[in-house]
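See structure below.
Counting starts at 1 for both ligands and their atoms, in listed order. Note that the structure is a prediction, hence the values are computed from the model and not measured.
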Amino acid sequence: MLIQSQSTKRKNCSKAWRSACTFLRPRLKCIDGELCLITGAGGALGRLFALEFAKEGAQLVLWDCNTAANEQTAKLARELGVQVHTYTVDLSKRHSIYETATKVRAEVGEVSMLVNNAGVVAGRRLLDCPDELLERTLLVNCHALFWMTKAFLPQMKAKNHGHIVTVASALGLFSTACDYCASKFGAVGFHESLTHELRAEDLDGIKTTLVCPYIVDTGMFAGCEISLIPPLEPLYTVQQSMKAILAEQQMICIPRLMYIPFLTRAEHTLNSDKIITSLVNPPRTVKSNQLCKD
Ligand SMILES: NC(=O)C1=CN([C@@H]2O[C@H](COP(=O)(O)OP(=O)(O)OC[C@H]3O[C@@H](n4cnc5c(N)ncnc54)[C@H](OP(=O)(O)O)[C@@H]3O)[C@@H](O)[C@H]2O)C=CC1
Ligand SMILES: CC1=C(/C=C/C(C)=C/C=C/C(C)=C/C=O)C(C)(C)CCC1
């Protein structure tokens with residue numbers, strides 16, 4: 001009798017919880033007809049992002065240095081009935097990014113959603129790793145975020161409409177691998193500062209989302225012996241990220257366990273949007289002749 005009444009209580013409770021969840025579930029935005037640019041679209045997660053955006057009706061601009069893989073993604077996306085434009089670009093080169101961005105604007109139009117997904121890892125210890133490989137990780141995973149945003153944010157600002165997604169990593173929140181962590185910490189810092197800058201400028205129509213996954217079973221970290229939890233399924237990772245993007249969530253850690261390193265970070269970003277106004281007008285300004293030439 002007692003058991004029965006407890007189970008009835010539990011049922012009522014879970015019913016109430018379910019309806020509360022339905023009520024609380026965030027509204028997902030419609031991106032039908034938006035122009036979405038995805039970098040690293042020939043890769044595992046990039047391809048899945050492209051297909052998920054296509055299912056939502058977005059037109060696609062796909063960037064990758066691997067032309068064949070990028071074309072394969074485009075083929076799969078076109079089968080879902082959306083328009084797709086592909087570009088071969090080396091994200092480690094600032095001029096390649098700016099030139100291709102100019103082509104996109106002229107040939108396709110204004111990008112309203114930017115998914116900075118491309119990423120690389122050197123996968124060697126600091127002293128065993130050639131400088132060029134270390135540099136490439138920083139250029140592709142971090143510097144490219146600056147150039148991509150500088151190329152496409154102005155059009156978003158003009159309309160106060162857009163969305164910039166940064167695919168970082170759980171390794172942007174705690175450290176293990178030298179070049180990769182440094183680049184992903186940079187990516188997290190970039191996302192946070194951009195978010196504050198947009199808020200400080202009252203550009204509430206431009207959203208940002210940071211994606212921080214644990215290891216995903218794409219091959220990028222194949223051979224990493226971490227027995228804590230198994231790698232994530234690529235599709236699950238992208239679908240969770242999509243939910244966060246469409247809900248205009250500022251950040252998602254996948255799985256939730258990855259919020260632990262985020263929550264234990266020492267920094268406090270409270271009030272950063274107020275502080276930013278003083279930071280963008282620094283008392284000492286670097287003169288242009290002090291800058292390194294490319
Ligand atoms: N896989 C994982 O465990 C995790 C991945 N991430 C992040 O997710 C993102 C996607 O990763 P994933 O799909 O696994 O990686 P992939 O290696 O499968 O895909 C990355 C894509 O980016 C392309 N690319 C590499 N360098 C350049 C460049 N210089 N210019 C243009 N394109 C380039 C690659 O081309 P090519 O193949 O020819 O090099 C590839 O097509 C990355 O940012 C990664 O750091 C985050 C957490 C975990
Ligand atoms: C499971 C787990 C941890 C380890 C996470 C690891 C090892 C993540 C590796 C991620 C990679 C390689 C991402 C690539 O982009 C913590 C944070 C120590 C504590 C919380 C539980």
Side-chain angles (χ1 to χ4, degrees), residues 37-52 61-74 86-97 99-101 115-123 132-133 135-145 147-148 165-188 190-191 210-238 240-241 252-265:
L37 190 159
I38 302 168
T39 65
L45 299 185
R47 177 167 297 165
L48 291 169
F49 269 119
L51 298 180
E52 291 301 313
V61 176
L62 306 180
W63 283 21
D64 205 290
C65 61
N66 184 335
T67 310
N70 205 22
E71 289 303 335
Q72 181 58 24
T73 302
T86 53
Y87 293 85
T88 300
V89 49
D90 182 353
L91 290 162
S92 69
K93 298 201 164 60
R94 176 156 51 100
H95 294 298
S96 173
I97 293 179
E99 275 164 29
T100 318
V115 182
N116 284 314
N117 160 78
V120 291
V121 59
E132 293 72 20
L133 271 191
E135 202 167 39
R136 185 184 70 135
T137 310
L138 269 299
L139 290 172
V140 176
N141 298 5
C142 186
H143 290 210
L145 304 177
W147 320 139
M148 291 300 292
V165 179
T166 305
V167 180
S169 164
L171 293 191
L173 306 171
F174 74 99
S175 319
T176 55
C178 230
D179 60 315
Y180 190 74
C181 283
S183 71
K184 293 297 185 179
F185 268 67
V188 171
F190 175 80
H191 157 84
L210 175 71
V211 178
C212 291
Y214 172 72
I215 302 177
V216 190
D217 194 6
T218 67
M220 191 182 216
F221 288 90
C224 279
E225 283 175 27
I226 300 168
S227 53
L228 290 164
I229 43 175
L232 298 166
E233 284 292 325
L235 185 59
Y236 171 79
T237 309
V238 168
Q240 291 299 108
S241 309
I252 179 165
C253 290
I254 315 166
R256 287 200 182 96
L257 201 59
M258 290 303 121
Y259 282 105
I260 295 174
F262 173 67
L263 294 172
T264 53
R265 275 198 318 171

Interfacing atoms of ligand 1 (cut-off 4.0 Å, heavy-atom, Gly119): 20 (C), 42 (C), 43 (O)

Pairwise side-chain contact, Leu133 with Asp179, heavy-atom cut-off 4.5 Å (strictly under): no

Contacting atoms of ligand 1, where contact means under 4.0 angstrom from a heavy atom of Val89: 30 (N), 31 (C)

If we only count heavy atoms from C-beta on, is the Leu257 to Tyr214 side-chain gap below 4.5 Å? no

Proximal ligand 1 atoms for Val140, defined as those under 4.0 Å from one of its heavy atoms: 29 (N)

At a 4.0 Å threshold, what atoms of ligand 1 neighbour a non-hydrogen atom of Val120? 25 (C), 26 (N)

Ligand 1 atoms in contact with Gly40 (distance to a heavy atom under 4.0 Å): 21 (C), 22 (O)

Can you figure out which of Thr39, Thr67, Val216 has its heavy atom closest to atom 3 (O) of ligand 1? Val216

Under 4.0 angstrom from ligand 2, any heavy atom of Lys184? no

Side chains of Thr67 and Thr88, donor plus acceptor under 3.5 Å: yes

Closest heavy-atom approach to atom 17 (C) of ligand 2 among Phe262, Tyr214, Phe221, Phe174 is made by Phe174

Atoms of ligand 1 close to Ser92 [distance to a heavy atom under 4.0 angstrom, numbered from 1]: 29 (N)

Provide the number and element of each atom of ligand 1 under 4.0 Å from a heavy atom of Asn117. 9 (C), 10 (C), 42 (C), 43 (O)

Do any heavy atoms of Ala168 fall under 4.0 Å from ligand 1? yes

Can you list the residues that meet the salt bridge (charged side-chain N to carboxylate O under 4.0 Å, His left out) rule with Glu52, with sequence neighbours excluded? Lys55

For atom 45 (O) of ligand 1, which of the options Tyr180, Phe221, Tyr214, Phe49 provides the nearest non-hydrogen atom? Tyr180

Atoms of ligand 1 under 4.0 Å from any heavy atom of Ile215, numbered from 1 in the order shown, are 3 (O)

Could you tell me if the side chain of Asn66 sits less than 4.5 Å from the side chain of Gln72, heavy atoms only? no

Work out whether the distance between some heavy atom of Ala69 and some atom of ligand 1 is less than 4.0 Å. no

When you compare the side chain of Leu91 with that of Ile97, does any pair of heavy atoms fall below 4.5 Å? yes

Taking the minimum heavy-atom distance to atom 30 (N) of ligand 1, which of Leu91, Thr166, Thr88 ranks first? Leu91

Per-atom filter on ligand 2: closer than 4.0 angstrom to a heavy atom of Tyr180 are 14 (C), 15 (O)

Would you indicate whether the side-chain heavy atoms of Met220 and Leu45 approach each other to under 4.5 Å? no

Quick check: do Ser241 and Phe49 have side-chain heavy atoms less than 4.5 Å from each other? yes

Close approach, Arg136 and ligand 1, non-hydrogen under 4.0 angstrom: no

Tell me which one of Asp64, Val115, Asp217, Thr100 gets a heavy atom nearest to atom 40 (C) of ligand 1. Asp64

